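One structure below.
Numbered from 1 within each chain, the chains take letters A, B, ... in sequence-line order. Computed over heavy atoms, backbone and side chain alike; hydrogens, waters and symmetry mates excluded. What you see is a predicted model; the values in this text were computed from it and never measured.
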Amino acid sequence: MKSSSPARESEIGQLLLDWHQDHPRPLPWKGKGPYETLLSEIILQQTRVEQGLPYYQRFVTLFPTINDLAKASEDEVLHAWQGLGYYSRARNLHRIARTIVEDLDGAFPQTYEAWLSLKGIGPYTAAAISSFAFGEPKAVLDGNVYRVLSRLFTPNADFFSSGGRKVYQELAQKLLPTDQAASFNQAIMNFGAMQCTPKQPDCDNCLLKMHCQAYQRSVVPMYPPAKQTILKRHRYFHYLVPVDQSGMTWIEQRTGNDIWQQLYQFPLVETLSSVHSADIQKLFLNKFQLVDWNTENTSKIYKQILSHQVIHACFHLLNGLDLPQHTGFERVKIKNLPNFAFPKVVHCYLMDYSIYLNAIHQ
DNA sequence: AATACGGGGGC
DNA sequence: GCCCCAGTATT
């Protein structure tokens, strides 16, 4: 670790606070109560301010207080969330509101640990809410803070591992003046968003350049280090949805040391490169050599599906069926399959004894 | 440690 | 069109 001293750390902390004073970013949830803080922080998880803003406005209009949010049905909350993505955030937010109103008598948690114990609140959000709304001296560590710290101190630690993240958390904590936690957390995040930007940061006009290790060594573009990318290969999943005259289909259970262990799926052949339809058919005939089926019919039924999202949807469907717990093909009544839609990627229609899978794009 | 969740933005 | 994004829960 590069040399650093408490005096230097507090100087950097003060400079960030000064910068924040000179570069205010007024947002509607600033300086409001814990409810508005909670709303904004959940909405802003993985979401840009510009995208989240209209949703924040919608929520404070529809649900002005935490009591209104707790009283609302989950359906109403999800509807207000529509289009924002990561919908479990909405469910968690709703549950948190009910917990606070019903279990905590309307008293908001105040400490970092208390917030952290709620589902949907992780280390970042717990630090953000407890510091913004209650002055808890806990440093936030989000993507902006990570970038700023990385350039300032160029620590030899991998942010994307649990141990490395701890190094960054401690760096941030050391900079935080305990009596100005809220302002400091705002300051360092805004500094990352506005000054110490991912691309083309304005280093010439940066009031931290004297303290910035990356700048001093002229290696700012090298920081923060990119997440080491594990070599990704394409996997092509070809599903077959066979249906016989009696309205039965086949499914299989995944085995082996791979994703989705033990989960059920439509019969699958996997290839490492894309394959023409005729060749896929041969692969399936090979796989099903013991099964007597009508090639002419089935050839029209299978579809080549490349997205793993489809697999995910498949096991949701198939898990709902009561199946024997052993490996191999199972016969299932096609008419017993529930009427379902693959979320976002594929719609499934049941027509006569055939299933058609259609890729759709939203 | 790896994976899923979901939109929008950038190349 | 494809790749990326960095918070949280789950496995």
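- At the phosphate of B:dG7, neither OP1 nor OP2 sits under 4.0 Å from any side-chain N or O atom of A:Tyr55.
- In this structure, A:Arg89 places its CZ atom 9 Å from C1' of C:dG7, rounding to the nearest Å.
- The distance from atom CD1 of A:Ile121 to atom P of C:dT10 is 14 Å, rounded to the nearest whole Å.
- Following rounding to the nearest Å, A:Arg165 (CZ) and B:dA1 (P) show an atom-to-atom distance of 11 Å.
- Distances were taken from every side-chain heavy atom of A:Lys199 (C-beta onward) to each of B:dC11, C:dA9, B:dC5; the shortest belongs to B:dC11.
- One cannot find a donor-acceptor pair under 3.5 Å joining the base of C:dG7 and the side-chain atoms of A:Tyr124.
- A:Trp29 meets the ring-ring contact (aromatic ring centres under 6.0 Å, His included) test with A:Tyr56; sequence neighbours excluded.
- Rounded to the nearest Å, the gap between the P atom of C:dC4 and that of B:dT3 is 15 Å.
- The CG atom of A:Asn190 lies 4.5 Å from the NE2 atom of A:His20; values are rounded to the nearest 0.5 Å.
- Near DNA chain B, meaning a heavy atom under 4.0 Å from it, residues 26-52 of chain A has A:Gln46, A:Arg48, A:Gln51 in order of number.
- Between A:Tyr86 atom OH and C:dT8 atom C1' the separation is 9 Å, expressed in whole Å.
- Linking Ile, Leu, Val, Met, Phe, Trp and Tyr residues whenever their side-chain heavy atoms come within less than 4.5 Å leaves A:Val140 and A:Leu116 in two separate clusters.
- Heavy-atom nearest nucleotides on DNA chain B were determined for A:Ser161 and for A:Gly85, and the one closer to the 5' end corresponds to A:Ser161.
- The distance from the NE2 atom of A:His94 to the CG atom of A:Asp75 is 10.0 Å, given to the nearest 0.5 Å.
- Counting to the nearest Å, the P atom of B:dT3 and the CZ atom of A:Phe160 are 15 Å from each other.
- For A:Lys119, the listed nucleotide lying nearest its side chain is C:dA9; candidates were C:dA6, C:dG7, C:dA9.
- The closest side-chain heavy-atom distance from A:Leu175 to A:Phe153 is below 4.5 Å.
- The partner of C:dA9 is B:dT3, judged by Watson-Crick or G-U wobble contacts that both fall below 3.5 Å.
- The cationic atom of A:Arg165 (NZ for Lys, CZ for Arg) lies less than 6.0 Å from the six-membered ring centre of A:Phe159 and within 45° of the ring axis.
- Remark: A:Thr125 is in phosphate contact with C:dT8, judged by side-chain N or O atoms under 4.0 Å from OP1 or OP2.
- Judged by distance alone, the side chains of A:Thr154 and A:Arg217 do bring a donor and an acceptor atom under 3.5 Å apart.
- Residues satisfying the salt bridge (charged side-chain N to carboxylate O under 4.0 Å, His left out) test with A:Glu102, not counting sequence neighbours, are none.
- The CG atom of A:Leu93 sits 15 Å away from the C1' atom of C:dG7 (whole-angstrom rounding).
- Atom CZ of A:Arg91 and atom P of B:dA4 are 18 Å apart (whole Å).
- Side-chain proximity of A:Ser162 to the nucleotides C:dG7, B:dG7, B:dA1 is greatest for B:dA1.
- Nucleotide C:dG7 holds its P atom 15 Å from the CG atom of A:Leu116, rounded to whole Å.
- Across the P atoms, B:dG8 and C:dA9 are found 24 Å apart, a figure rounded to whole Å.
- Nucleotides B:dC11 and C:dA6 are separated by 14 Å at their P atoms, to the nearest Å.
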